[in-house]
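Working notes, beginning with the structure itself.
In each ligand, atom 1 is the first atom listed, and ligand 1 is the first ligand listed. Along the sequence shown, residues are numbered consecutively beginning with 1. Hydrogens, waters and symmetry mates are skipped; everything else that's a heavy atom, side chains included, is used.
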Amino acid sequence: MSKKQEAQNVLVHLGPLLPDLESAYKDIHSHPELSMQENRTAGIAAERLRSAGYDVTTGIGKTGVVGVLRNGDGPTLMLRADMDALPVREATGLPYASHVSSDQNGRSVPVMHACGHDMHVSWLIGAATLLAKSRNAWKGTLMPLFQPAEETGAGAQAMIDDGLFERFPKPDAILGQHVMVGSSGVIGTRSGVITSAGDSFEIRMFGRGAHGSMPQFSIDPVIMAAATVLRLQTIVSRELAPTDAAVVTVGSLQAGTKENVIPEEAVIKLNVRTFDEDVRKRVLAAIERIVNAEAEASRAPKKPEITPLDRYAFVKNDPEATKRAIEAFQSYFPEDRVKETQPTTASEDFGSFGTGWQSPSVFWFVGGTDPETYAKAKKSGTIADIPTNHNPRFAPVIHPTLEAGVEAMVVAAQAWLAA
Ligand SMILES: [Zn+2]
Ligand SMILES: [Zn+2]
């Protein structure tokens, strides 16, 4: 049987399911939940899996959900979706836009599915439902997993810390997908690193406060921090080869309260993206060296404190598994719907599952931009104007994005499971 036929045996039921999936998507979109608060979304996922015939475990790493469907001898395949939304006030103007506010550390914040995880949940509900419906088309164990808190980098790890690897069968492969700016329904992936490592730090630099009119009595942390920020920018420009990509962004620099008070300390928050472990180590070592040296250059009374914040590992696509998935995509989708992508400086905690379980994993992107809008923007060089993930106007078109993600997940799954 051809790869295309193997996928079609399952996808034949997609048409009738689509209206229901669309309303599930709109419902989840208009009820977004912040990281580690995904109770309603997890409830929907669990209910859908249960009614499709999966053994369902809930509450893994707080709100994570895992379904297991054993369907004879064959490989074990894990399919992953993330569920959380972001503290962003939605400005899409869509009829199903979010008006939700929610508590974040004691503060009420607007919440929006600005990264498309509502789409990911809907895709996985669709794929899991269809595969459960067509049990004679495949053999093996299917394990859809809905994770909390991708946006804080804590969700995959929370599920792992809650015994994921001990409580569930080790997958022979792990698949995941993300909606992005790109022509709707176009699949993009690559072998090797596909999303960057992300490392964030808070750096506290110490000085000595004094009256603004008497700088001779101060050790000015504002100068110390300012010099540090500038010098940090030389890591990428002067210490790395032009072919070694990295990003060092200082996103926050805070010191002082008043123009005539030299403060006691300054706080820098910075974010690093790298695509290679060796480059990552060099950049992180350079940050530490520069921060300490600048403090010393200023006669700081004590060493700066460097505190790691979020951390994301690389998502590295296993070459063999990726080849298998790409071949399946190419057999099913028209030629112009499957593309090789560059690695992106986005980061993801999807990689934690494959790395921790030592299972090969494949991650791919699905375009969510109206194809005509995208083609026009490409022609006029204005792709940067299309609202990206995390933008308050990020609004994937439902069709064909919704069906494309379900199809891609089923097509790739069948590359392992087809009977
Ligand atoms: Zn995101
Ligand atoms: Zn995301």
Side-chain angles (χ1 to χ4, degrees), residues 25 28-29 32-38 41-42 45 61 63-64 79-92 98 100 102 104 109-125 145-159 174-182 184 187-189 193-200 247 249 251 271-273 309-315 317 341 343-354 361-369 386-396 401-402 404-405 408-409:
Y25 169 72
I28 298 167
H29 185 87
E33 295 171 301
L34 290 173
S35 306
M36 287 298 175
Q37 302 179 18
E38 309 89 340
T41 314
T63 64
L79 313 179
R80 174 269 202 179
D82 41 10
M83 301 188 284
D84 54 330
L86 286 158
V88 171
R89 188 182 300 281
E90 179 154 359
T92 59
S98 157
V100 170
S102 184
Q104 188 185 44
V109 292
V111 188
M112 172 192 175
H113 265 297
C115 201
H117 300 184
D118 47 352
M119 189 62 83
H120 307 171
V121 171
S122 309
W123 285 339
L124 187 49
I125 287 174
L145 176 148
F146 296 83
Q147 76 153 79
E150 186 282 327
E151 294 292 355
T152 58
Q157 195 57 47
M159 291 187 78
I174 299 175
L175 309 179
Q177 52 184 351
H178 204 301
V179 63
M180 283 275 180
V181 169
S184 174
I187 315 292
T189 191
V193 172
I194 182 158
T195 69
S196 61
D199 291 272
S200 298
V247 177
T249 293
N271 182 258
V272 179
R273 304 294 169 117
L309 304 172
D310 299 351
R311 146 122 224 251
Y312 294 83
F314 308 98
V315 174
N317 279 343
T341 49
T344 129
T345 48
S347 296
E348 255 289 339
D349 67 358
F350 171 77
S352 309
F353 295 111
S361 63
V362 188
F363 194 70
W364 62 87
F365 301 116
V366 179
T369 315
I386 301 172
T388 59
N389 303 57
H390 292 209
N391 182 299
R393 278 168 292 279
F394 179 68
T401 314
L402 183 58
M409 200 46 121

Closer than 2.8 Å to the Zn ion (ligand 1): does that hold for any N, O or S atom in Cys115?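 A backbone or side-chain N, O or S atom of Cys115 is under 2.8 Å from the Zn ion (ligand 1).
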
Looking at the Zn ion (ligand 1), is there an N, O or S atom belonging to Glu151 that lies under 2.8 Å away from it?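 Here the distance criterion (N, O or S atom, under 2.8 Å) is met by Glu151, so yes.
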
I'd like to know if the side chain of Glu90 reaches the main chain of Ser98, judged simply by a donor and an acceptor atom lying under 3.5 Å from each other, with no hydrogens or angles considered.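 Yes: the side chain of Glu90 pairs with the backbone of Ser98.
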
Checking the side chain of Asp82 only, and the main-chain atoms of Gln147 only, is there a donor and an acceptor separated by less than 3.5 Å?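 Not a single qualifying donor-acceptor pair exists.
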
Donor + acceptor pair across side chains of Ser196, Thr345 (<3.5 Å):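 Note: Ser196 and Thr345 side chains miss the donor-acceptor criterion.
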
For the atom pair OG1 (Thr92) and CZ (Phe394), what is the distance rounded to the nearest 0.5 Å?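 Taking OG1 in Thr92 and CZ in Phe394, the distance rounds to 11.0 Å.
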
Atom name, His117 (N, O or S, nearest to the Zn ion (ligand 2)):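 The His117 atom nearest to the Zn ion (ligand 2), restricting to N, O or S, is NE2.
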
